[in-house]
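These numbers come from a predicted model, not from an experiment.
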Amino acid sequence: MGGMSRGAEIPYVTVANAVRARLDAGEWLPGEALPSVVKLGAQYGVSSATAARAVKILVAEGRLTTVRSWGTFVV
């Protein structure tokens, strides 16, 4: 997926938008697990904390759910 663009957007918003686009494209289907925040961070060239913040945005939107000790899943 390469690095994220270094535009004017805040990094976690950029990552959230990129993951949202991948969800919309059907890359991950309902019930499917997303990569860990460490892996997402590496894919987008950001820290795992930044990737986790992006995931929290999508959880708040109802697009993802996080299950402790299991991972993050598409709703």
Side-chain angles (χ1 to χ4, degrees):
M1 292 291 105
M4 59 177 216
S5 65
R6 298 287 180 192
E9 282 194 54
I10 300 168
Y12 66 88
V13 173
T14 302
V15 173
N17 289 339
V19 172
R20 189 181 298 106
R22 292 170 74 181
L23 290 168
D24 290 344
E27 186 168 334
W28 296 295
L29 302 175
E32 193 172 348
L34 263 66
S36 69
V37 292
V38 172
K39 289 182 181 179
L40 283 174
Q43 286 178 5
Y44 293 104
V46 298
S47 70
S48 58
T50 299
R53 195 163 178 190
V55 166
K56 284 183 181 182
I57 290 171
L58 297 170
V59 168
E61 291 176 2
R63 305 285 307 262
L64 302 175
T65 187
T66 301
V67 180
R68 188 178 180 107
S69 299
W70 282 88
T72 302
F73 300 87
V74 179
V75 173

Item checked: Value rounded to 0.5 Å, distance of CG in L58 from CG in N17 -> 8.5 Å
Note to self: For a quick test of reading the model, state the closest non-hydrogen atom pair linking P35 to W28 and the distance between them.
What the structure shows: CD-CZ2, 3.5 Å
Note to self: I'd like to check T14 versus Y44 (side-chain heavy atoms, cut-off strictly below 4.5 Å). Are they in contact?
What the structure shows: no
Next item on the list: State, to 0.1 Å, how close R22 and Q43 come at their nearest heavy-atom pair, and which atoms those are.
Entry: NH1-OE1, 2.9 Å
Checklist line | Single-linkage hydrophobic cluster V37~F73, side-chain heavy atoms < 4.5 angstrom | finding: no
Next item on the list: For the residue pair R63 and D24, establish whether any side-chain heavy-atom pair is separated by less than 4.5 Å.
Entry: yes
Checklist line | Hydrophobic cluster identity match, V55 and V38, side-chain contacts under 4.5 Å | finding: no
Margin query: Any heavy-atom pair between the side chains of V46 and Y12 that's under 4.5 Å?
Written below: no
Next item on the list: State, yes or no, whether a side-chain contact exists between V74 and L64 at a heavy-atom distance under 4.5 Å.
Entry: yes
Checklist line | Side chains of T50 and R53 in contact at under 4.5 Å (non-hydrogen atoms) | finding: no
Next item on the list: Kindly compute the distance separating OG1 (T72) from CG (L40), expressed to the nearest 0.5 Å.
Entry: 8.0 Å
Item checked: Hydrophobic cluster membership, V15 vs V59, 4.5 Å side-chain cutoff -> yes
Margin query: Looking at every non-hydrogen atom in both residues, tell me the closest pair between G41 and A51 and how far apart they are.
Written below: N-CB, 3.7 Å
